[in-house]
Amino acid sequence: MSASLSTHVLDTATGRPAAGVTVELLHGDEPVARAETDADGRARLAETLAHGRYRLVFHPPSEFFRRVEYELELDADRHYHVPLLVSPFSCASYRGS
């Protein structure tokens, strides 16, 4: 049984994808994956993840937010997509499709 995970980072201040954003995935304190978003702001982090609790860490293009971290519970054999919307002084996320 396994899940997969991807993300998409959008810079809402510029209205464009955020390219070159470092994204890390950890299971406990163990690094699982590390990627940088492409020109479209997208990154695929893993194709085969065991069920469990993970931390998804973004290093966004913001002078205020140096690190944005989410804790995820992957509990099904499916694809998870976690978008991040970021601007200089705000950020938001949701469970994508």
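Heavy-atom neighbours of Y70 OH from other residues, nucleotides or ligands within 6.0 Å: above the threshold of 12. Atom CD of E73 is surrounded by more than 12 heavy atoms from other residues, nucleotides or ligands within 6.0 Å.
For the pair S93 (side chain) and L84 (backbone), a donor-acceptor distance under 3.5 Å is absent. A donor-acceptor pair under 3.5 Å links the side-chain atoms of H8 to the main chain of D40, judged by distance alone. A donor-acceptor pair under 3.5 Å is absent between the side-chain atoms of D11 and the main chain of P17, judged by distance alone. For T37 (side chain) and A18 (main-chain N/O), a donor-acceptor pair under 3.5 Å exists by modelled atom type.
P31 and D29 get closest at one heavy-atom pair: CD-O, 3.5 Å. In terms of heavy-atom proximity, S62 sits nearest to F65 at OG-N, 3.0 Å. The heavy-atom pair separating A3 from A76 by the smallest distance is CB-O, 3.5 Å. A pairwise comparison of heavy atoms in V21 and P60 identifies CG1-CA, 4.1 Å as the closest pair. Contact between S4 and H79 at its shortest, heavy atoms only, is OG-ND1, 2.7 Å.
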Trace of the side chain to side chain donor-acceptor pair (under 3.5 Å) decision for T7 with H81 | CA-CA 5 Å; T7 189; H81 184 71; over 6 Å; no
Between R67 and V57, is a side-chain contact (heavy atoms from CB on, under 4.5 Å) present by the stated rule, with each step listed?
-> CA-CA 7 Å; R67 177 185 174 105; V57 182; 3.6 Å; yes
Decide side-chain contact (heavy atoms from CB on, under 4.5 Å) for V32 and L49; before the verdict, give the C-alpha distance in whole Å, the side-chain angles of both, and the deciding distance to 0.1 Å.
-> CA-CA 9 Å; V32 174; L49 294 169; 3.7 Å; yes
Given V86 and V68, is the side-chain contact (heavy atoms from CB on, under 4.5 Å) satisfied, shown in steps?
-> CA-CA 10 Å; V86 66; V68 176; 5.7 Å; no
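Residues satisfying the ring-ring contact (aromatic ring centres under 6.0 Å, His included) test with F58, not counting sequence neighbours, are none. Every residue meeting the side-chain contact (heavy atoms from CB on, under 4.5 Å) condition with P88, not counting sequence neighbours, appears here in chain and number order: A13.
Distance CG/D75 to CZ/R53: 10.5 Å, rounded to 0.5 Å. Atom-to-atom distance recorded for L26:CG and L56:CG is 9.0 Å, nearest 0.5 angstrom. Residue H51 holds its NE2 atom at 7.0 Å from OG of S2, rounded to the nearest 0.5 Å.
For the pair V82/L5, a side-chain contact is recorded, criterion being any heavy-atom separation below 4.5 Å from C-beta on.
Under the 6.0 Å distance and 45° angle rule, R78 counts as a cation-pi partner of Y80.
Between R55 and E71, none of the side-chain N atoms (NZ, or NE/NH1/NH2) sits under 4.0 Å from a carboxylate O, so this pair counts as no salt bridge.
Sorted by first and then second residue, the salt bridge (charged side-chain N to carboxylate O under 4.0 Å, His left out) pairs involving residues 13-27 (not counting sequence neighbours) are E24-R34.
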